[in-house]
Amino acid sequence: MDFSELENDNTGRCRLNSPVPLVCLKEACVLGVDEAGRGPVLGPMVYAICYCPLSHLADLEALKVADSKTLSESERNRLFAKMEEDRDFVGWALDVLSPNLISTSMLGRVKYNLNSLSHDTATALIQYALDQGVKVSQVFVDTVGMPETYQKRLQQCFPGIKVTVKAKADSLYSVVSAASICAKVARDQAVRNWRFVERLQDFDADYGSGYPNDPKTKAWLKKHVEPVFGFPQFVRFSWRTAMAILEKEAEDVVWEDLTVGDQESAGRITSYFLNEGPRTHLRVPHRYFVERGLESATTL
Amino acid sequence: LLPCEVLASRPAPVGRFFTPAI
Amino acid sequence: KNLYLFPEYLKDASKKMKHGLMFVKLVNPCSGEGAIYLFDMYLQQLFEVKVFKEKYHSWFINQSVQSGGALHFATPVDPLFLLLHYLMKAGKEGKFQPLDQVVVDDIFPNSILLLKLPELEKSLCHVTEEKVNPEITNKKYYKYSKEKTLKWLEKKVNQTMAALKTNNVNVSARVLSTAFFSSDQVASDKEEDYIRYAHGLISEYIPKELSDDLSKH
């Protein structure tokens with residue numbers, strides 16, 4: 001997989017895809033969706049689709065693709081290489097969602113939670129396949145949230161396609177297993193080749209599994225927290241583990257929208273017009289200065 | 001100028017996290 | 001750490017002269033309280049210091065973070081505004097006095113530095129009646145003149161209005177709908193807005209009683 005785009009800029013999202021096999025443009029295809037890296041506090045999350053014609057489903061199954069979680073990294077890489085060899089009937093595409101994108105989505109003023117981000121990414125990948133001319137007739141998805149709600153939503157987006165959302169779909173349907181392998185292989189490679197934009201001091205590359213309950217990962221987070229800037233962008237700031245460390249180790253930061261409704265020491269502007277009892281009023285400066293946030297300097 | 005207030009005045013490794021651009 | 005924004009030419013002042021740039025506390029002629037001013041002793045110019053201050057800001061200054069986010073500006077100010085404060089006070093005595101007796105301030109002793117500005121003496125005729133004592137080698141005596149001051153301030157207001165227009169500063173007191181007003185009325189309303197706004201800005205530099213007189217004028 002060519003990750004040069006992600007290596008240049010790992011702050012957003014990045015799409016990778018295989019060429020679309022010719023047979024997929026002619027015959028009805030089955031498409032599987034899965035993800036990798038949902039739980040870790042470090043690194044990107046990857047969504048992947050994998051598709052092949054119904055007539056070649058048995059060939060895909062013959063590759064002995066299984067739930068990627070049960071395979072070792074080397075087994076996954078081997079299987080992915082085999083899929084690549086069989087690219088005349090198997091196609092794939094994936095979206096790499098950077099930890100920075102996950103954090104800014106979840107922590108934005110308008111909240112964009114992880115489930116919505118996941119649903120939208122999966123929908124976009126299915127649409128991508130359709131836009132490339134793949135004759136998708138069936139879609140199988142490993143569930144994120146309630147399977148019934150998710151299935152209904154996806155079915156509404158793709159009315160001409162039979163959509164099945166099921167828990168543990170990666171162990172039930174070989175296209176989902178194949179997508180699972182693509183996603184995991186991609187995440188492993190993205191994490192292995194991660195380019196830290198920050199020039200970190202005393203950088204330790206051994207961060208454990210990246211999962212929040214891994215003591216090694218927790219120790220790595222505590223070691224690499226900077227009191228003003230927090231963590232490197234490899235870390236998902238929106239994860240509770242990360243936020244807890246920031247609350248304890250980092251400097252407090254105040255934003256204007258957190259203090260809406262606060263009264264300033266000079267009082268609300270209406271107090272100059274309403275009878276609010278005896279009070280020493282400061283002279284209100286001319287609006288030219290008020291509008292620009294300017295006042296006379298009285299101390300150095 | 002930051003759009004928030006860091007409630008401290010102290011050394012900070014600005015150069016390690018930010019690259020200035022004009 | 002504090003951040004200051006100065007005109008480029010002020011760089012010379014500190015290089016070419018010891019104590020070329022001096023921050024001093026002088027009287028704010030509007031409030032009567034102290035405010036920070038900057039003397040360029042090299043070019044012999046006075047600057048007022050304004051602060052941009054909004055809540056919830058910090059600075060990155062080199063390799064440090066500084067809470068507060070204040071930015072200080074130095075901009076030229078007409079020293080006659082400050083002198084006016086003392087002239088008006090002395091004028092209540094009804095006598096002609098030399099400047100060095102007028103500009104005496106125990107609270108802001110650095111006010112005497114105003115007398116070092118050479119251009120100031122030339123502009124005194126805008127706000128005072130002047131007498132010369134031939135017996136004491138042409139020593140000059142001054143008395144505050146309200147009529148002259150109002151005429152001078154009127155010019156200031158006109159200059160300010162011109163500057164507001166040039167700089168497209170929004171001076172409207174209200175949102176106008178051109179659907180309901182004739183263009184003549186819109187134009188005259190706008191002119192009134194400019195006068196009101198400019199008067200308000202000039203009032204930031206003069207005592208309230210003078211501002212009220214200027215408004216009537």
Side-chain angles (χ1 to χ4, degrees), chain A residues 7-12 98-100 103-104 107-110 194-204 221 223-238 242-243 245-260 262 264-265 292-295 299-300, chain B:
Chain A
E7 279 158 24
N8 280 335
D9 179 7
N10 56 21
T11 61
S98 70
N100 182 58
S103 303
T104 57
L107 294 172
R109 290 179 198 222
V110 178
W194 191 265
R195 202 168 64 86
F196 286 81
V197 291
E198 306 85 3
R199 288 184 278 124
L200 300 171
Q201 280 191 335
D202 303 323
F203 175 66
D204 181 3
L221 286 169
K223 185 179 174 185
H224 290 89
V225 69
E226 203 291 320
V228 173
F229 293 97
F231 299 107
Q233 285 186 107
F234 187 53
V235 176
R236 299 179 194 179
F237 281 61
S238 49
M243 286 168 80
I245 294 172
L246 286 175
E247 267 161 35
K248 208 171 159 210
E249 307 287 340
E251 299 289 359
D252 288 338
V253 179
V254 187
W255 295 76
E256 186 172 356
D257 59 337
L258 287 177
T259 58
V260 166
D262 247 13
E264 310 237 356
S265 55
R292 288 157 182 78
L294 293 172
E295 55 189 62
T299 53
L300 280 175
Chain B
L1 186 66
L2 275 69
C4 58
E5 186 168 9
V6 178
L7 298 181
S9 296
R10 56 174 290 165
V14 179
R16 282 203 268 125
F17 287 83
F18 273 70
T19 305
I22 297 170

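In the text below, chain A, chain B and the rest are named by the order of the sequence lines, each starting its count at 1.
In this structure, the portion of Val197(A) lying under 4.5 Å from any heavy atom of chain B is its backbone and not its side chain. Contact of Gln201(A) with chain B is made through backbone and side chain together, with heavy-atom distances under 4.5 Å.
Taking Phe231(A) as the reference, Phe237(A) meet the ring-ring contact (aromatic ring centres under 6.0 Å, His included) condition, with sequence neighbours excluded. For Glu226(A), there are no salt bridge (Lys or Arg N to Asp or Glu O under 4.0 Å) partners at least two apart in sequence or on another chain.
Across all non-hydrogen atoms, the minimal contact from Cys4(B) to Val253(A) is SG-CG1, 3.6 Å.
Side-chain contact between Val14(B) and Phe229(A): present, with at least one pair of heavy atoms (C-beta onward) separated by less than 4.5 Å. Looking only at side-chain heavy atoms (C-beta outward), Glu251(A) and Arg10(B) come within less than 4.5 Å of each other.
Formation of a donor-acceptor pair under 3.5 Å by the Arg199(A) side chain with backbone atoms of Phe17(B) is not found in this model.
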